[in-house]
There are 2 protein chains.
Amino acid sequence: MDEKTINANIGGNKLGSNDNYALILDTVRRFGPIGRADIAKFTNLSGPRVTPLVRDLIRAGFLKEDEFGASKGGRPPILLRLVPDALFAIGVDIGAAKLRAAVVDLEAKIVTKIVKATNASEGKKATLGRTMNTILEVIEKSKVKTDKIKGIGIGLSGIVDHREGVCLFWPNVEGWKNIPLKKIIGQELGIEAVIDDSARAMTLAESWCGLAKNVENFIFVNVGIGVGSGVFIHGELYRGSGGTAGELGHMTVDENGPRCNCGNFGCLETLVSGPAIARRTREALEQGVVSLIEELVEGDLNKITSEIVVAAAKRGDKLAFNIMEKTGEYLGIGVANAINLFNPDLVIIGAGVSKAGRLLLDPVKRVVKARALQVASEKVDVKISILGDDAGVLGAAILVLKNIFTAGVSYVGRKSIPF
Amino acid sequence: MDEKTINANIGGNKLGSNDNYALILDTVRRFGPIGRADIAKFTNLSGPRVTPLVRDLIRAGFLKEDEFGASKGGRPPILLRLVPDALFAIGVDIGAAKLRAAVVDLEAKIVTKIVKATNASEGKKATLGRTMNTILEVIEKSKVKTDKIKGIGIGLSGIVDHREGVCLFWPNVEGWKNIPLKKIIGQELGIEAVIDDSARAMTLAESWCGLAKNVENFIFVNVGIGVGSGVFIHGELYRGSGGTAGELGHMTVDENGPRCNCGNFGCLETLVSGPAIARRTREALEQGVVSLIEELVEGDLNKITSEIVVAAAKRGDKLAFNIMEKTGEYLGIGVANAINLFNPDLVIIGAGVSKAGRLLLDPVKRVVKARALQVASEKVDVKISILGDDAGVLGAAILVLKNIFTAGVSYVGRKSIPF
DNA sequence: CGAACTTTATTCAAAATGTTAAAGAAGTTA
DNA sequence: TAACTTCTTTAACATTTTGAATAAAGTTCG
């Protein structure tokens, strides 16, 4: 590939026809700063081949030489890094409450961020408009040139057809059915967009910047208003045949449990989600259990939220503690089942419940140890995410960025069938 | 690659350094008989490149030209096929009751088969010796030359370290702990061996010769003395990080259910396995339910087996029918949960319960429809295997054969890390 | 200190792998 | 029979990769 072609592709959609460009970039992203010799080891490319490929990538503006690394008894390596401002992506997280947008650089660092209320109750059209404006605002604020923005990634906690870029259904707001978000944004803003479920986007963020960096197989579960989740297999987000894989939230945990809005009974979501925690607390109080919570909501049981239960538990309230423990146990059953099926290295519990911390994590771990197969459970870690509220926007942006680091269709290992 | 190298590799372990040889062989295996033009389409290789690669493979004895295919309005394709007797593999299925061994050709057809009683009660040493002898016997009987036998694949329904080739634990027989089967067989017979869980081997058989041929993502569940299962993802057997992925049998289905010998309570296995069916039937009879089964076992409730329950159900016995229906419902919960997590194209119920047929399948399907997420369940098929008792040996042999059709470590898409 | 050794990076030629354009082969269609 | 398709191969050329040799820049140790 000649220099002209590469330079023409900066800011474009393609890195070049050679998949090894992407492979090298991905190696630098994951293990950088890193020298050429190590790149050769990681990628299985020969040493001499790395030199010209890296030279191309430096000329193209994606890589730069940095300081020298430590010698291992010989010539020290010249460390290579990504050039953070080579390209950018926009990440948007449309949550039930908050609308977040961020400009994210090639190193997956947030450059500029805006957080607003979603005001979803204003209706579909208003929310869409608000989203567009926020995107424009964050681009403006970041001072990044439009031609360096590779795309817009959007995560929302609904059912999404990722391939077509359509939001099939967003439970939180009326009117969000079959909305071709990708097309709308492409037309309005002239930038390509990618849509996905926000939990899946967060899973991606964990694998790039979180506890799961360089972990081959892991599971991510986020407990919030619903239970979102994502599954990472062989270093990639697993979507399944129809694009809906990894739905931990709708696993049947109690055959005779409460009805879920998916139609099933006793889904994990009906037992551990924020509203489920509130409901279970309310039921206990209605049966006459004494608790600090009554004070906290001034007697109005409809005011109970999971946050209040967590706060009460931390202040030593017995009922609240029990509710959270039982919540953890339910979640533990779901996680243990998933561990038996996926045998991952790691399970990450998302930031939605990070305030609960060990209150939730301890019973989860206990149940996993008791219920998952020993060979699988003794090697798995269960941890709480460290990405905080940024996971959503980061992941959404990574939906875009990851294409830069992913080889195109290659001869070897091709799996899909052309007819 | 020159002719000499290729020919030197017939019967050896490597096809050559070019991954596209394996890619083409795999394409012919999956879609053959097939012409060169279609091979080009499937593999994404260019037409002219296919010609010399196929020529090499023909010279090497792996492929042959066959009849002409139907014209699509132009020159008809020269169809290519695998040469069945280019190479062979031995498949061995060490079951609790039966010991099976077969010589299987490159097309995964059984050439010669031997079935014996396992006589596991005679102890580890005897069983091992019996296995060795049976392998030698089946090779002898098949008249296949030893140098054409690429390896021995062994499936057993225990816990297996596939990578090391060690049987960690076989619940059915005492003394089977930490047995380095791969090493033992390699030393005794001088042929390389591969060991795996028999349900995983069966999963492989389904993907090559069964209902799951050319299906990207599917789940296999075999209900027998235990519940074995395997998961196929992106066209490959998924093993997870520790090699124990896909354990559907130990999913918690009833939080307060019976104790399982894995230590957990209410595993799927404790509710739907053959012994579980017998136990549940016995419990019902002990509580005074009237049933044909009592006659069938001549009043001795310890004689109840799942086969008898199925037989009674087929003769219209109400209790037996209800037991089988409830069994199907439990299995359905497990399958529905797995569908939500994996979003497969297909679920195959193994031959172990094929005699029960729709007695089991109907409730499974009903529960899947009710409990799995609609987007996932409306596209999934649930079927009973058509491979019968051969699934085990076939799959075991395919553990060996599949290496012929799998590209080696390639630059592009390399995932593992060399340090 | 300096010679010997390591490790990293590059150069260059040869080998292999792959592509495109064009032509030949063998049918169908009208 | 002529025109058109589709399949396969040829030939010229471009790309990708490797291997051997070399240079660069340290560490190690007598």
Side-chain angles (χ1 to χ4, degrees), chain A residues 1-6 15-24 33-59 63 65-80 407-412 414 418-419, chain B residues 1-6 15-24 27 31-58 63 65-80 407-412 414 418-419:
Chain A
M1 173 179 236
D2 66 306
E3 200 178 335
K4 210 189 291 174
T5 318
I6 294 183
L15 257 168
S17 60
N18 189 327
D19 285 342
N20 288 326
Y21 288 123
L23 189 59
I24 289 178
I34 183 175
R36 288 168 178 78
D38 277 345
I39 290 179
K41 270 189 217 152
F42 276 65
T43 58
N44 241 14
L45 286 163
S46 66
R49 187 71 192 119
V50 172
T51 295
L53 290 172
V54 164
R55 184 164 44 217
D56 288 348
L57 288 166
I58 289 174
R59 280 200 197 135
L63 290 184
E65 291 189 338
D66 216 271
E67 77 276 28
F68 286 85
S71 163
K72 288 180 202 160
R75 173 176 175 176
I78 308 163
L79 297 183
L80 296 159
V409 176
S410 70
Y411 305 129
V412 175
R414 190 166 204 273
F419 51 75
Chain B
M1 171 179 236
D2 66 309
E3 200 178 334
K4 210 189 293 174
T5 318
I6 293 183
L15 257 168
S17 60
N18 189 326
D19 285 344
N20 288 325
Y21 288 121
L23 189 59
I24 289 178
T27 305
F31 305 106
I34 183 177
R36 288 168 177 80
D38 277 345
I39 290 179
K41 270 190 215 151
F42 275 66
T43 58
N44 242 14
L45 287 161
S46 67
R49 188 70 193 118
V50 172
T51 295
L53 291 172
V54 165
R55 185 163 43 217
D56 288 347
L57 287 167
I58 290 175
L63 290 184
E65 290 189 338
D66 214 89
E67 77 277 27
F68 286 86
S71 163
K72 288 182 201 158
R75 174 176 175 175
I78 307 163
L79 296 183
L80 295 159
V409 175
S410 70
Y411 305 127
V412 174
R414 192 167 201 272
F419 51 73

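Residue numbers start from 1 in every chain, and the chains themselves are labelled A, B, ... in the order their sequence lines are given, proteins ahead of strands.
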Nearest-Å distance, [atom1] ([X]) to [atom2] ([N])?
X	N	atom1	atom2	value
B/I24	D/dT8	CD1	P	12 Å
A/R36	C/dT11	CZ	C1'	14 Å
B/I58	D/dT9	CD1	P	8 Å
B/L45	D/dC7	CG	P	16 Å
A/L80	C/dT8	CG	C1'	12 Å
A/E67	D/dA25	CD	P	17 Å
B/F68	D/dT5	CZ	C1'	16 Å
A/L53	D/dT17	CG	P	7 Å

OP1 or OP2 of [N] sitting under 4.0 Å from any side-chain N/O of [X]?
X	N	result
B/N20	C/dG18	yes
A/R55	C/dT11	yes
A/R49	D/dT17	yes
B/S71	C/dG27	no
B/K72	C/dT28	no

Using a cutoff of under 3.5 Å, can you pull out all pairs of nitrogen or oxygen atoms linking the protein to nucleotides 22-25 of chain C, with atom names and distances?
unit_1: C/dG24; atom_1: N2; unit_2: B/R75; atom_2: NH1; d: 2.9
unit_1: C/dA25; atom_1: O4'; unit_2: B/R75; atom_2: NH1; d: 3.3

Output the distance between atom [atom1] ([X]) and atom [atom2] ([Y]), rounded to the nearest 0.5 Å.
X	Y	atom1	atom2	value
B/I78	B/I34	CD1	CD1	13.5 Å
B/L57	B/L80	CG	CG	9.5 Å
A/L63	A/L79	CG	CG	12.0 Å

B/A37 side-chain proximity, nearest of D/dT17, D/dC7, C/dA9: D/dC7
Touch class at under 4.0 angstrom, heavy-atom based, for B/T51 against every strand present: base
Residues forming a side chain to side chain contact (heavy atoms under 4.5 Å, CB included) with A/P52, sequence neighbours excluded: A/R49, A/R55
Earlier contact from the 5' end, DNA chain C, for A/G73 and B/P76: A/G73
Side chain proximity check, B/V54 to B/I24, heavy atoms < 4.5 angstrom: yes
Nearest heavy atoms of B/P77 and B/G35, plus distance in Å: CB-CA, 4.0 Å
Side-chain donor-acceptor contacts of residues 65-74 of chain B below 3.5 Å, not counting sequence neighbours, with atom names and distances?
unit_1: B/E65; atom_1: OE2; unit_2: B/R36; atom_2: NH1; d: 3.2
unit_1: B/E65; atom_1: OE2; unit_2: B/R36; atom_2: NH2; d: 2.7
unit_1: B/D66; atom_1: OD1; unit_2: B/R81; atom_2: NE; d: 2.8
unit_1: B/D66; atom_1: OD2; unit_2: B/R81; atom_2: NE; d: 3.2
unit_1: B/S71; atom_1: OG; unit_2: B/G73; atom_2: N; d: 2.9
unit_1: B/S71; atom_1: OG; unit_2: B/G74; atom_2: N; d: 3.0
unit_1: B/S71; atom_1: OG; unit_2: B/G74; atom_2: O; d: 2.6

